[in-house]
Amino acid sequence: MLRKTFLPTILALLAYGFWLSPNFKVIAAGLSLFLFGMLSLEEGFTAFSGGTLEKILRKSTDRLWKSIGLGIVSTAVMQSSSLVSLITISFLSAGLINLAAGIGIIFGANLGTTTGAWLIAGLGLKVNIASYAMPLLVFGVILIFQRAKPLRGIGHGLAGLGLLFLGIHYMKEGFDAFSQSINLAEYAVSGYRGLFLFTAIGIMATVVLQSSHATLVLIITALSAGQITYENAMALAIGANVGTTVTAMLGAMSANIEGKRLAVAHLIFNMVTGLLAIALISQLIWAVDWISLEVGIRDHNYTLKLALFHTLFNLLGLLVMAPFINRMVPFLERVVQAPSADRTQPRYLNPASMEVPAAAVESVRKELIRLYENAFRLIAHGLSLHRGAIKSDQDLATVVAQSRRLMPLDIDEYYDRHIKHLHSAIIEFISQTQTHKLPQRESDQLYALREASRNMVEAVKDMKHLHKNLSRYIAGDNTALRAQYDGIRLQLAIILRELSNIQEREPGSDSVLSLDAVQLGLKSANSKREATLDIAIRNGRISPLQATSVMNDNRYAYDISLNLLQMARILFSDEPPALKDAESRLALEDSDLDALLEAQDATQGTMENNQ
Amino acid sequence: MKTKKILARLKSIMNADRRAQAAQSDAIKELLGKLKQKERELKQKLEHTSDDKERDKLAIKLAVCHAQRKKGLAILKEIKASN
C-alpha cells in the first residue's frame, strides 16, 4: 500500500511545489539534470568496460596501497563512487579480486569521491560552467549517434559532463533567486542538536537521491547562496557520507557472499568515519581553518572550506581504518557467513555480475569449472577409478588393471543433483545476461561457454549409458571382454589426465592446441581397439551379441572424449582474445587428423614390412 | 606528397577491417613462433628417447605440431594475398 502510494505522493508534492515556487522548480530541474548527467557518465564508462577498466582493476589490486590508490583515482576520474562500488562488487562476486582488495578500493573510493566537492566548490560556482556545458552537450550528442562503440562511450561521457554542469548551473541559479524571497538559513539549528538533526537530513536526502554526490552538490550550492549555515552544511555532508552506504547495501543484496561482506565493510567504514567526524567536529573545524589559512582559502569562502572538511574527515576515516583492512577480512567472514559449500548450487552466478560484461563471462567460466569438476568426478567414479590416481604420475594402464572393484555410484541421482541443476543455472544466467547490452566479444565468449557446458552434459549423458555395461563387465570372467572395457577405461582415463594437465599448466606454457595431439592419439587408439575386437570375435572369445555392446560402448567412449576435448578447448584457453581466435584457426579439423592418422599408419606399415 | 601520406595513414587508421586483419596475423605469427619452438623441443626429445611407447606419443605430438604450423603459414599467406 505504502509502496503504491509513495511515487504518486512524491509526484503530486513536487507538482504542488512547482506551482508554488518557480525557483523550487529550477532547483529541482537542476538536480534532475545533474542526476541524469551522472547516469549518462556511467553509461559512458560502462561502454569501455570489457577492456581497459577491467584490466586496470585486475592489475592494480595486488597490494593494499594499490587498491586504495585505485579506488581514489578511479572515483576521482569517474566522479561516481556508486559505479566504482558496483564494478568492485561484480568483480568480487566473479572472484576476480579478493575481499581485502575490494575493501581497499571502496575505502579509496570514499576519499576519491570528495574530489567532486572540490570541483563544484572550486570551479562550478566561480566559473560560468553553463557556457562549458553547451559545447559538451553538442559534441556529446553528435558522438552518441555514431556507430563505433568507443565514440558512443565518449559521447555519453561528454553529454553526461555537460548535463552535470548544466544541473549545477540551474541549482545555483535557483538557490540565488530563492534567497531573495525566503531565507532557509533562519531554520538553522546550532550545537550538537543541529549536528545530529542535519546529519539525519543528509542521510535521508542521500537515500532518496541515491547519490552522495548529488546531495553534496545540493549542499554546496545552497551554502553558496547562504541558504544553509556552514555548520549545518558540515553535518549534512557527514550524513551524505553515511547515506551513500544504503546504495551499496541495495546493490549487494543481489550479490554473492563476498559482495555482501564488501557492503558491510563499506557500511562500517562510513559509520566509523561519520562518528569520528561528529566526535571530533571542533578539532576538524580547527584543522579546516588552519589549513585554509595556510593554503590561502579565504575565511568566508565556506564552500571551499566545506570541500576541505569533506576531504579531511574522509581522509581521517581512511587513516584510522586502513590498518584494520586485513583484520576486517576474517571478521567479515565470521559475521557474514557463507552457506555451507554445496556442489549442487551455483556459487558464482549472481545478478550483480551481469552488470559488467567481463565479470559475467568470468562468473560463467568459474561456474563451468565447478561443473567440470563434478563431471570429472562422475566420469572417474563411473570408470571405477579414483580421481587422485588419474591426476597422479602413475602408469594409467597399471591403475586401470589394478582398479577392478566397482565403485558405488547412483549415476542418475548424481547427474540430476550435480550436473543438470548447475547446467540449467548456467544456461539461464547466460540467457539473462544476453538481454543486457553486451559487447560482441563478451557475447561470443558466453555463446562459446554455453557450448562448453552442453559438451560437458553430453559427455556425462554418454557416460550414463556406458556405465551400464561397464559396471557389468569390469569384474567379469570373460578376460577378452574385460580387456575391451579396460581399453575403454584407459582411453577415458588418458583424456581425463590430459585435461587435468592442461587445466593446471603454467601460464604461457602449452596451449590448448596440444589437445589436437590428444585427439589424434584417441583416434589411433580407437582404431587399434576396433582391430582387437575383430580378432576377439573371430577367435570366438567374444560373442557377436557382446561385440555389439562393445561397439556401442566404444562409440560412447569416443563421443565422451570428443565432447570433453571440445569443452576443454573453450574452457581452458587462457590466452588473450586475439590469440584465442588464432588458436581456433590453427586447430586441426577432423579431416586433417584423419590424414595424419593415415600417414602415420602408412609409415608404420612400411617399417613393419622392412623388418 | 605529404598530404597524400597523411591521408593514407589516416585511411589505414580508419580502416577497422585492415586493423583487425593485422591483429590476426600478429597473433598467428606469435603462435607460429611458439609452435616452432615446441617442434624443435619435440624433435630433440624424440632423438633422445628409446622407449617405443614414448616415441609413438612424441611422434604424434610432432606430427600435429607440424601440421598446425603448416596450416598457420597457409593462413598467413592467404591474409597477405588478400591485402
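Just so it is clear, the values below take in all heavy atoms, side chains as well, and ignore hydrogens, waters and symmetry mates. Proteins get letters first, then strands, A, B, ... in listed order; numbering begins at 1 in each.
Between B:L32 and A:L586, some side-chain heavy-atom pair lies under the 4.5 Å cut-off. Proximity of B:K43 to B:R40: side-chain heavy atoms (C-beta onward) are nowhere separated by under 4.5 Å. Using a 4.5 Å heavy-atom cutoff, the side chains of A:V361 and A:P357 are not in contact.
For A:E583, the parts sitting under 4.5 Å from any heavy atom of chain B are the backbone and the side chain alike. With a threshold of 4.5 angstrom between heavy atoms, A:D592 approaches chain B through side-chain atoms but not through N, CA, C or O. Residue A:A595 does not touch chain B at all, counting heavy-atom pairs closer than 4.5 Å. Looking at B:Q68, both its backbone and its side chain come within 4.5 Å of chain A, counting heavy atoms on both sides. Only the side chain of B:I75 has a heavy atom closer than 4.5 Å to any heavy atom of chain A. In this structure, chain B has a heavy atom under 4.5 Å from the side chain of A:L596, while its backbone stays farther away. Neither the backbone nor the side chain of B:L62 comes within less than 4.5 Å of any heavy atom of chain A.
Looking only at heavy-atom pairs under 4.5 Å with chain B, the residue among A:L579, A:L593, A:D581 that has the most is A:L579.
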Q.
salt bridge (charged side-chain N to carboxylate O under 4.0 Å, His left out), that's the test. Do B:K71 and A:D516 meet it? Break it down for me.
A. CA-CA 13 Å; B:K71 198 175 175 186; A:D516 283 356; over 6 Å; no
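Judged purely by atom type and a 3.5 angstrom limit, B:K61 has no side-chain atom pairing as donor or acceptor with the backbone of B:L42.
In this structure, A:K391 forms a cation-pi arrangement with A:F376, its terminal cationic atom sitting closer than 6.0 Å to the ring centre and no more than 45° off the ring axis.
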